[in-house]
Amino acid sequence: VSVYPRSQTALGTITAVTNVGPAIGVLATGDDQLLAQFSIAGRNSSSLNQSKVTSVEFQVSKSPGVTVTNWYLKTLNGVQRVNCTVSGTVMSCSDLPEEIGLLTTTGREMRLYGTVEVTAGTQNPFLQIGINRSGDISEAGAIRWTDGAGQFTWVPLQSPLANGTMLR
């Protein structure tokens with residue numbers, strides 16, 4: 001029985017996932033609060049294909065007295081927004097349009113917003129969003145993407161991919 005290493009071939013790749021917000025920020029309450037800013041960069045093997053992020057799973061870390069609802073994702077100056085869903089501590093944004101997901105070599109900035117409430121008396125409230133799992137060929141990560149021909153569920157980078165601003 002021969003065993004060969006598993007591999008995939010892609011017409012592009014994701015080259016970087018970074019936090020483009022400050023390391024520490026203020027946890028403000030109310031509607032449409034900016035909660036995290038990430039940049040995802042990539043490159044294509046030719047001008048004939050366009051790589052695009054199709055969905056992202058964000059890891060939500062927060063103190064018990066902090067509640068966030070109405071999550072959505074936009075680009076820096078974007079018009080389109082994508083509503084996101086939460087299950088436990090994972091917030092998912094799927095079906096990303098090209099305005100948000102199309103990869104560039106310099107990076108496409110994604111901004112995550114939500115409605116924030118902090119219960120009165122909460123001591124040391126905090127909120128931090130991250131993109132954790134890079135995944136591998138046999139295990140899905142936090143970013144799903146396409147090279148225009150195939151679908152991929154992992155990126156060739158180290159986990160955690162990026163930790164967002166620590167809001168206090």
Side-chain angles (χ1 to χ4, degrees), residues 3-27 33-47 49-63 66 68 71-76 78 82 84-114 124 126-168:
V3 178
Y4 297 99
R6 295 183 69 182
S7 65
Q8 284 184 315
T9 301
L11 300 173
T13 189
I14 292 178
T15 56
V17 179
T18 55
N19 171 27
V20 293
I24 298 173
V26 175
L27 179 60
Q33 295 298 318
L34 177 61
L35 305 176
Q37 302 164 255
F38 296 100
S39 176
I40 301 178
R43 69 173 182 269
N44 299 309
S45 62
S46 78
S47 60
N49 68 300
Q50 291 188 320
S51 296
K52 174 178 119 92
V53 174
T54 56
S55 71
V56 181
E57 290 180 350
F58 298 92
Q59 186 67 43
V60 180
S61 300
K62 64 181 187 62
S63 54
V66 174
V68 182
W71 296 91
Y72 66 93
L73 194 64
K74 286 177 59 171
T75 59
L76 178 60
V82 172
C84 305
T85 60
V86 176
S87 178
T89 61
V90 177
M91 197 261 309
S92 302
C93 302
S94 302
D95 300 321
L96 301 182
E98 282 191 13
E99 178 183 306
I100 295 174
L102 193 63
L103 293 172
T104 66
T105 56
T106 56
R108 173 79 55 177
E109 185 174 326
M110 297 179 177
R111 292 178 155 221
L112 188 60
Y113 296 85
N124 303 316
F126 74 90
L127 173 68
Q128 185 173 34
I129 311 298
I131 304 175
N132 288 349
R133 298 180 339 264
S134 59
D136 60 38
I137 196 166
S138 59
E139 181 180 344
I143 297 175
R144 310 285 192 278
W145 63 283
T146 179
D147 63 358
Q151 304 290 323
F152 303 92
T153 61
W154 63 282
V155 297
L157 302 168
Q158 290 289 101
S159 292
L161 294 169
N163 290 314
T165 301
M166 172 60 80
L167 301 172
R168 294 188 182 274

Report yes if the side chains of Val68 and Met91 come closer than 4.5 Å at any heavy-atom pair, otherwise no.
no

Answer yes or no: is there a side-chain heavy-atom contact under 4.5 Å between Trp71 and Val60?
yes

Side chain to side chain contact (heavy atoms under 4.5 Å, CB included), that's the test. Do Phe126 and Val66 meet it? Break it down for me.
CA-CA 7 Å; Phe126 74 90; Val66 174; over 6 Å; no

Residue pair Thr13 / Pro156: nearest heavy atoms and the distance that separates them
OG1-CG, 3.5 Å

Partner of Ile40 by side-chain contact (heavy atoms from CB on, under 4.5 Å), out of Val155, Thr104, Ile143, Thr18:
Ile143

Can you see which heavy atom on Ser94 is nearest to which on Ser55, and at what distance?
CA-CB, 3.7 Å

Is any side-chain heavy atom of Leu96 closer than 4.5 Å to one of Met110?
yes

Indicate the atoms forming the closest heavy-atom contact of Glu109 with Gln37, along with that distance.
OE2-NE2, 3.3 Å

Hey, could you give me the CG/NZ distance between Leu35 and Lys62, rounded to the nearest 0.5 Å?
12.0 Å

Kindly indicate whether the side chain of Ile129, heavy atoms from C-beta on, has any atom under 4.5 Å from the side chain of Phe38.
yes

Quick check for you: to the nearest 0.5 Å, what is the distance between Asn19 atom CG and Ile131 atom CD1?
9.0 Å

Considering all heavy atoms, the nearest Arg43-Thr15 contact
NH1-CG2, 3.1 Å

Interatomic distance, OG1@Thr54 vs CG@Asp95, rounded to 0.5 Å, equals 8.0 Å

Do Ile137 and Trp154 have side chains that approach each other closer than 4.5 Å (heavy atoms only, starting at C-beta)?
yes

Which atom pair, heavy atoms only, marks the closest approach of Ile100 to Val82?
CD1-CG2, 3.7 Å

If the condition is side-chain contact (heavy atoms from CB on, under 4.5 Å), which residues does Asp147 pass it with, not counting sequence neighbours?
Ala10, Leu11, Asn49, Ser51, Trp145, Ala149, Phe152

What residue pairs, at least two apart or across chains, pass salt bridge (Lys or Arg N to Asp or Glu O under 4.0 Å) with a residue in residues 130-146?
Glu57-Arg133, Glu57-Arg144

OG of Ser39 to CG of Leu76: how many Å apart, nearest 0.5 Å?
10.5 Å

The reported gap from NZ in Lys74 to CG in Leu34 (rounded to nearest 0.5 angstrom) is 10.5 Å

When you compare the side chain of Leu73 with that of Phe58, does any pair of heavy atoms fall below 4.5 Å?
yes

I need the full list of side chain to side chain donor-acceptor pair (under 3.5 Å) pairs touching residues 156-168, with sequence neighbours left out, sorted by first then second residue.
Ser134-Ser159

Apply side chain to side chain contact (heavy atoms under 4.5 Å, CB included) to Arg108 and Val53, showing your working.
CA-CA 10 Å; Arg108 173 79 55 177; Val53 174; over 6 Å; no

Between Lys52 and Thr146, is there a side-chain heavy-atom distance shorter than 4.5 Å?
yes

Nearest heavy-atom approach of Val17 to Ala162 is O-CB, 3.8 Å

